[in-house]
Amino acid sequence: MFTIEHEFDATVVTLVDEGPQPPLQEDITINAFEDCVTLEQYDPRTDTVNKITFSIDQLDELAAALDLPEGVYRLYNDDGKD
């Protein structure tokens with residue numbers, strides 16, 4: 001299950017682990033801002049929220065990597081520049 005909320009400065013997506021087998025993972029919250037995307041997940045072992053920030057370029061590279069085989073790549077814009 002997931003939710004989508006549109007806030008003033010971000011789109012917030014929350015992923016809820018509903019898998020059939022325990023242990024289930026904590027919810028993941030994705031905040032999409034104009035200049036970056038953050039992932040947050042609560043860690044019950046340390047009672048803290050872990051946060052990762054992606055630049056838009058890093059997010060583009062991640063999206064491309066999900067569809068490519070093993071290797072080293074560099075993305076280029078339509079004008080041939082990275």
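Values below: all heavy atoms of this structure, side chains included; hydrogens, waters and symmetry mates excluded.
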N/O donor to acceptor pairs below 3.5 angstrom from side-chain atoms of residues 15-22, sequence neighbours left out:
unit_1: Asp17; atom_1: OD1; unit_2: Gly19; atom_2: N; d: 3.1
unit_1: Asp17; atom_1: OD2; unit_2: Gln25; atom_2: N; d: 2.8
unit_1: Glu18; atom_1: OE1; unit_2: Met1; atom_2: N; d: 3.2

Let me have the donor-acceptor pairs involving side chains of residues 2-14, under 3.5 Å, with sequence neighbours excluded, atom names and distances please.
unit_1: His6; atom_1: ND1; unit_2: Thr11; atom_2: OG1; d: 3.2

Let me check something: any side-chain donor-acceptor pairs from residues 57-73 under 3.5 Å, sequence neighbours excluded? List them with distances.
unit_1: Gln58; atom_1: OE1; unit_2: Ser55; atom_2: N; d: 2.9
unit_1: Tyr73; atom_1: OH; unit_2: Pro69; atom_2: O; d: 2.9

Let me check something: any side-chain donor-acceptor pairs from residues 26-39 under 3.5 Å, sequence neighbours excluded? List them with distances.
unit_1: Asn31; atom_1: ND2; unit_2: Thr38; atom_2: OG1; d: 3.2

*Calculate, to the nearest 0.5 Å, the distance between atoms OG1 and CD belonging to Thr48 and Glu40 respectively.*
11.5 Å
*By the rule that ILVMFWY residues connect when side-chain heavy atoms come within less than 4.5 angstrom, directly or transitively, which residues belong alongside Leu24?*
none
*Quick one: hydrophobic cluster around Val49, which other residues, with the 4.5 Å side-chain cut-off, linked directly or via members?*
Tyr42
